[in-house]
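Data block below; observations after.
For this chain, numbers begin at 1 and follow the sequence in order.
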Amino acid sequence: SRPDLLWREGSYFEEPLFPAQLGYDAAGVVEALGPEVTTLKVGDQVSTLPAASLLDYTAHGETMVYPESALLVYPDNLTPVQAAAVNTGLFTAYFALVELAGLKPHQHVVITAASSSMGVAAIQLAKGMGAKSIAVTRSETKKDELLRVGADHVVIAGRDDVQWAILELTGGLGAEVIYDAVAGPGLEELLWATKRYGHVIVYGCLGAMDYGTLLPLGACFLRGLKV
């Protein structure tokens, strides 16, 4: 997953403390339980959730110690590989779009870095909820695949005017929810393309590695945004 890659590069939002271990995403079988565990039992097939700090718990290894709150029993129709791969993208999107933003059917959500595993999970979740997704990608070659996995519209950053395109697709009102993995200089145009009283959720910093991320307070105040 991208958090694992960023952690290995030293670019994650948490700084590794050496000697540091690796890994967020894993699946396995419970072999033993701590005295305060209440929802799991020995023999359960579980996969990890992104609910623990890499400074405290890591998951790459033949055996691991992991908190109950960051494990989920997965169904028999998933393989261990599938179970390890699905949780980070799906549950991050669920928390952001459903629990934080309260996304509803027919509302618009803008998803940046849309071709990533996190972006695809958000597109498919939005589709399942009956919401309208606007996928933003830098690669025109990925447009057809994004449409295939469920995006309603695709905007090509660097070719299209992202702010204008979002406003056009939403009848000039803006999108109710922005789900942004990029941040950096492009965040401002996303804020101005958010509907009044909408939600802007920034969960990554792919565009802020070499550039800072400025927060235009004018847009936030004038549009009553929740960031």
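How far CG of Asp161 is from CG of Leu167: 8.5 Å, rounded to the nearest 0.5 Å. Put simply, CG on Leu71 and CG on Asn87 are 9.5 Å apart, with the number rounded to the nearest 0.5 Å. Put simply, CG on Leu97 and NZ on Lys104 are 12.5 Å apart, with the number rounded to the nearest 0.5 Å. In this structure, the separation between CD on Glu176 and NZ on Lys195 is 4.5 Å, given to the nearest 0.5 Å. Here Gln163 contributes atom CD and Trp192 contributes atom CH2; the two are 8.5 Å apart, rounded to the nearest 0.5 Å. Here the NZ atom belonging to Lys132 is positioned 7.5 Å from the NE2 atom belonging to His108, to the nearest 0.5 angstrom.
The shortest side-chain heavy-atom distance between Leu22 and Leu54 does not fall under the 4.5 Å cut-off. Inter-residue side-chain proximity for Leu146 and Ser115 is flagged as met; some heavy-atom pair is nearer than 4.5 Å. Using a 4.5 Å cut-off on side-chain heavy atoms (C-beta onward), Val73 and Gln45 make no contact. Contact check for Val46 versus Leu40: side-chain heavy atoms found under the 4.5 Å cut-off. In this structure, Ile111 and Met118 have side chains that are not in contact, with every pair of non-hydrogen atoms separated by 4.5 Å or more. Between Leu147 and Val154, some side-chain heavy-atom pair lies under the 4.5 Å cut-off. A heavy-atom distance below 4.5 Å is not found between the side chains of His60 and Tyr24. Between Ile166 and His153, the closest side-chain pair of non-hydrogen atoms is not below 4.5 Å.
Qualifying salt bridge (charged side-chain N to carboxylate O under 4.0 Å, His left out) partners for Asp152, counting only residues two or more places apart in sequence or in other chains: Lys127.
Linking ILVMFWY side-chain heavy atoms closer than 4.5 Å, directly or via other members, places Leu100 and Leu103 in a single hydrophobic cluster. Follow the hydrophobic side-chain contacts under 4.5 Å out from Leu125 and you never reach Val110; the two are in separate clusters. At a threshold of 4.5 Å between side-chain heavy atoms, the hydrophobic network of Ile, Leu, Val, Met, Phe, Trp and Tyr places Val30 and Tyr57 in one connected group. Val177 and Leu173 are members of different hydrophobic clusters when ILVMFWY side chains are connected at heavy-atom separations under 4.5 Å.
Judged by distance alone, the side chain of Ser116 and the main-chain N or O of Ala113 form a donor-acceptor pair under 3.5 Å. Checking side-chain atoms of Thr48 against main-chain N and O of Ala26 turns up a donor-acceptor pair under 3.5 Å. Panel note: side chain Asp160, backbone Val162; no donor-acceptor pair is recorded below 3.5 Å. In this structure, Trp7 contributes its side chain and Gln21 its backbone to a donor-acceptor pair below 3.5 Å. The backbone N or O of Ser53 lies less than 3.5 Å from no partner atom in the side chain of Asp56, so there is not a single donor-acceptor pair. Glu68 contributes a side-chain N or O that, together with a main-chain N or O of Thr38, makes up a donor-acceptor pair within less than 3.5 Å.
Residue pairs satisfying the side-chain hydrogen bond (donor to acceptor under 3.5 Å, both in side chains) criterion with at least one member in residues 178-190, sequence neighbours excluded, are listed as follows: Thr112-Asp180.
Within a 6.0 Å radius of OH in Tyr66, more than 12 heavy atoms belonging to other residues, nucleotides or ligands are found. Within 6.0 Å of CD on Gln82 lie more than 12 heavy atoms contributed by other residues, nucleotides or ligands. Other residues, nucleotides and ligands place no more than 12 heavy atoms under 6.0 Å from the OH atom of Tyr94. When the shell of 6.0 Å around CZ of Arg138 is examined, it contains 12 or fewer heavy atoms from other residues, nucleotides or ligands.
With Glu145 as the fixed residue, the salt bridge (Lys or Arg N to Asp or Glu O under 4.0 Å) test singles out one of Arg148, Lys143, Lys142: Arg148.
Donor-acceptor pairing under 3.5 Å is lacking for the side chains of Thr63 and Glu31. Counting only N and O atoms by type, the side chains of Thr141 and Ser139 include a donor and acceptor under 3.5 Å apart.
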